[in-house]
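Worksheet for the structure shown next.
Residue numbers count from 1 along this sequence. Counting starts at 1 for both ligands and their atoms, in listed order. None of these values were measured; they are calculated from a predicted model.
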Amino acid sequence: MTQAILLVGGQGTRLRPLTISTPKPMLPVAGFPCTEHQIARAREAGIDRIVLGTSYRAEVFEDYFSTRDLGVEIVYAVETEPLGTGGAIRNAAQYLTCDPDEPVVIFNGDVLTGLDIDGLVSKWRTAHADVALYLTRVADPRAFGLVPTDSDGQVIAFTEKPTTPEEIVTDQINAGCYVFRRSVIDRIPAGRVVSVERETFPELLDTNANVIGVVDDGYWLDLGNPLAFAQGSRDLVRGLAPTPLLSGRTGEAVIDSSAQVDPSASIIGGSYIGANVVIGAHAVIDGSIVYDGARLESHSHVSDSIIGVNAFVGSGCVITQAVIAEDVHLGSRNEILAGVRIFPNAQIADSTIRFSSDR
Ligand code: GTP
């Protein structure tokens, strides 16, 4: 059996205001925290012990997972001060029980993937690698860490977030999952901030370690910003992103059994509707997440957006590619367009925000 570390201690600043009260990996996507989807997939791949490297709002993880049996042993490695990705891996390793030559699978806590986890471990084994990195290809790699490989799959460089055209030497990026030989983790400096991307990986190359890249062209999505987050949820709901947690329930929408949806409303495009949500007549919810306890009045039209816990959306509102945080009260006939984020508890009167005269 293989052991794993899941990195879930980041602040999730790009997802604010949703991450003010809930850490990003614990925000539900298609009804379950991203962390829970990842644990379920790891379990399917035969992983039986997972160390969660927590820091920001660490208590939220323990409160949630202590009430669930996911068939995996979960251990918490809490950082009182965030140690960065490499420091977190080093800190979590004290809770591993495997031998120095055994593989440890490490996951970033905010990516959805269809990665063949077992396959990555097998390739690590066959190559006698120190580290195997899961790579994916993207059209625009500028926001990511580039990882070019040679014809044998050996990693030749790490370039974090390239800025000049000369730096963009490949479309292969670090997809946020690695297999480390346990003894390699033990060489990361302890007790200080370390970035695995900027410090550990370049150092491994400098010391001629055996670092291989494994390109997997299956499903991959970084849930870092609100648009991607809503997309991840709808891909899970539609069954495009694999998760054992929704088996048999995927389709145009997943609607919690306690939600009250008016028969004339349309819930489409991979939307997720949470517990105790109320949706009024002729509302259209398309490709969106509506969190628990929210209420959307008649003729509201929500697309590619996230509606927070207990938010109220008045009749005739149009919300497109936006975030309405928890406990917001949005009066009738407001129009909230792309990129807008309304912070928790905001009170917006009727017809206050409008962008066109024809609605
Ligand atoms: P942004 O602030 O929006 O960039 O998000 P983030 O804080 O999650 O940072 P990033 O996406 O770069 O982090 C990648 C993964 O590493 C995420 O799963 C984070 O939770 C995790 N992570 C980042 N920094 C730390 C840390 O200091 N400690 C731990 N335990 N995990 C971390």
* Asked: Between the side chains of Asn91 and Tyr95, is a donor N or O closer than 3.5 angstrom to an acceptor N or O?
  -> no
Result block: side-chain N/O donor-acceptor pairs under 3.5 angstrom for residues 77-85, not counting sequence neighbours:
from: Glu79; atom 1: OE1; to: Leu83; atom 2: N; distance (Å): 2.8
from: Thr85; atom 1: OG1; to: Val196; atom 2: N; distance (Å): 3.0
from: Thr85; atom 1: OG1; to: Glu197; atom 2: OE1; distance (Å): 2.8

* Apart from Leu227 itself, what residues make up its hydrophobic cluster when side-chain heavy atoms of I, L, V, M, F, W and Y under 4.5 Å apart count as a link, directly or indirectly? -> none
* To do: Quick one: name the residues clustered hydrophobically with Phe343, using the 4.5 Å side-chain heavy-atom rule over I, L, V, M, F, W, Y, and just say none if it's on its own.
  => Ile20
* Asked: Which class fits the ring pair His299 and His282: parallel under 30°, tilted 30 to 60°, perpendicular over 60°?
  -> parallel
* Quick one, list the residues around ligand 1 where some non-hydrogen atom comes in under 4.0 Å, by chain and residue number. => Leu7, Val8, Gly9, Gly10, Gln11, Gly12, Thr13, Arg14, Lys24, Gly53, Glu79, Pro82, Leu83, Gly84, Thr85, Ala88, Asn108, Gly109, Asp110
* Distance flag, aromatic centroids of Tyr76 and Phe65, threshold under 6.0 Å -> no
